[in-house]
Each structure stands twice: as structure tokens, then as C-alpha cells.
Amino acid sequence: MKRIISLIVFAVFYVLSFCTCNFPYPEYAKYPIISFIFSLMTIISFLFVTVIYANSKKFLIITSIYLACVFVITTVAIILGGFNFSALTLLFSLITLSFGIAVQHCNFAIMDLLEILGINVPNDYEFYIIFVIIVALFFTTYFISRKLIKGEKQ
């Protein structure tokens, strides 16, 4: 039951982040703070799903393949000179958008924070910063949860 509820909560926050982001121009969202909160809650609920599915190696494999696809597709899009829908197939575009929409406002917040700290990041590398943070959070959450679950069973 926990698995189903965690997936539903994640899906609800994902849909709410999509609805409030003013797709495809999230920088012009009507209420950016609400979009940021839903984006942040999407990431947090994804991490809760990761904790709940920590026993499943299939979950780790599927999520790792998904993250690898997002990385490769976005890198190819950047190399080709931007996210060109006609250059990429619809499936690949949806894979990248499914990641980007949920974290876009967190990306803005992290870039603003880095700017305040005096770190200037070129536009081409903004995606990679948020991607590395999400991937690091995912794997850290997964493996710590897995270790804790195995420790409880002994």
C-alpha cells in the first residue's frame, strides 16, 4: 500500500509542477514561488519513492537507465545547438521533458544561489549541475535506505 501511495503522491506533485510551470517557458510562470514549491516537492516525493523501493533492484536499474537516457539526450541536444524538437524524436523529447519540467524551478533557484556565491555558470552547464545533484541524491538515498533496511533485517 505504501508503494502505491508514494507513487500517487509523486504523480500529483509532478502534475502540479507541470501545471504551474507555464510550459514551455517556466521563467514566465505566473506564480514562480508556487512552481518552485511544487518542483521541490516533486523531487522530495521522488526521493521518498526511492526509499520505499530501496529493496527493488529493478527500480534501481530502470531509474538508472532513465537518468542515463536523459543525460545522453540532453548532451546530444546541447551539442546540436539547442533542444530542437524536429531533430529529436518525440519519445526522446518526452524523456528529457519529463525530467526537465519537474526540476526547472529548482534549477533557477540553484543558479541564483551560485550567482549570489559569485560562481558564474555558463548556460550550457546549468542542466548538468541540477542533473548531478538529482543523481547524487537518488543514489545516496537508494543505497543508504538499502543499507538501513538490510541492517534492520539482521
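Annotation: the span from Ser45 atom OG to Leu16 atom CG amounts to 10.0 Å, rounded to 0.5 Å. Here the straight-line distance linking atom CD1 of Ile65 with atom CD1 of Ile62 works out to 7.0 Å at 0.5 Å rounding. If you take CD1 on Ile133 and CD1 on Ile110, they are separated by 3.5 Å, rounding to the nearest 0.5 Å. Atoms OG and CZ, from Ser56 and Arg146 in turn, are 8.5 Å apart once rounded to the nearest 0.5 Å. Once rounded to the nearest 0.5 Å, the distance linking CD1 of Ile34 with OG of Ser39 reads 13.5 Å. The CE atom of Met1 sits 4.5 Å away from atom CD1 of Ile5, with the distance rounded to the nearest 0.5 Å.
Counting heavy atoms from C-beta on, the side chains of Met111 and Ile129 come closer than 4.5 Å. Annotation: side chain of Phe10 is not in contact with side chain of Phe48 (no heavy-atom distance under 4.5 Å). Taking 4.5 Å as the limit, every side-chain heavy atom of Ile44 sits out of range of all side-chain heavy atoms of Phe13.
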Applying side chain to side chain contact (heavy atoms under 4.5 Å, CB included), run through Phe38 and Tyr14 and close with a yes or a no. CA-CA 7 Å; Phe38 285 139; Tyr14 178 80; over 6 Å; no
Quick one: do Val9 and Phe46 satisfy side chain to side chain contact (heavy atoms under 4.5 Å, CB included)? Show the steps, please. CA-CA 9 Å; Val9 168; Phe46 173 69; over 6 Å; no
Show, in sequence, the C-alpha distance, side-chain angles and deciding distance for Thr75 and Tyr128, and conclude whether the side chain to side chain contact (heavy atoms under 4.5 Å, CB included) test is met. CA-CA 9 Å; Thr75 302; Tyr128 294 108; 2.7 Å; yes
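Applying the side-chain hydrogen bond (donor to acceptor under 3.5 Å, both in side chains) test to every pair with at least one member in residues 60-71, sequence neighbours left out, gives these pairs: Tyr66-Ser98.
Considering all non-hydrogen atoms of both residues, Ile52 and Ser6 come closest at CD1-CB, 3.5 Å.
Phe99 and Phe131 have perpendicular rings, their planes meeting at more than 60° on a 0 to 90° scale where under 30° would count as parallel.
No path of Ile, Leu, Val, Met, Phe, Trp and Tyr side chains, each step under 4.5 Å between heavy atoms, connects Ile8 with Val15, placing them in separate hydrophobic clusters. Placement of Ile61 and Phe71 in two distinct hydrophobic clusters is found when ILVMFWY residues are connected by side-chain heavy-atom separations under 4.5 Å, directly or transitively. Note: the hydrophobic cluster containing Leu114 also contains Ile134 (ILVMFWY, side chain heavy atoms under 4.5 Å, direct or indirect links).
Among residues two or more places apart in sequence or in another chain, the side-chain contact (heavy atoms from CB on, under 4.5 Å) test is passed with Val132 by none.
In summary, of the residues considered (Leu60, Leu47, Val51), a side-chain contact (heavy atoms from CB on, under 4.5 Å) with Tyr142 occurs for Leu60 alone.
Applying the 6.0 Å contact sphere to CG of Leu113 captures more than 12 heavy atoms from other residues, nucleotides or ligands.
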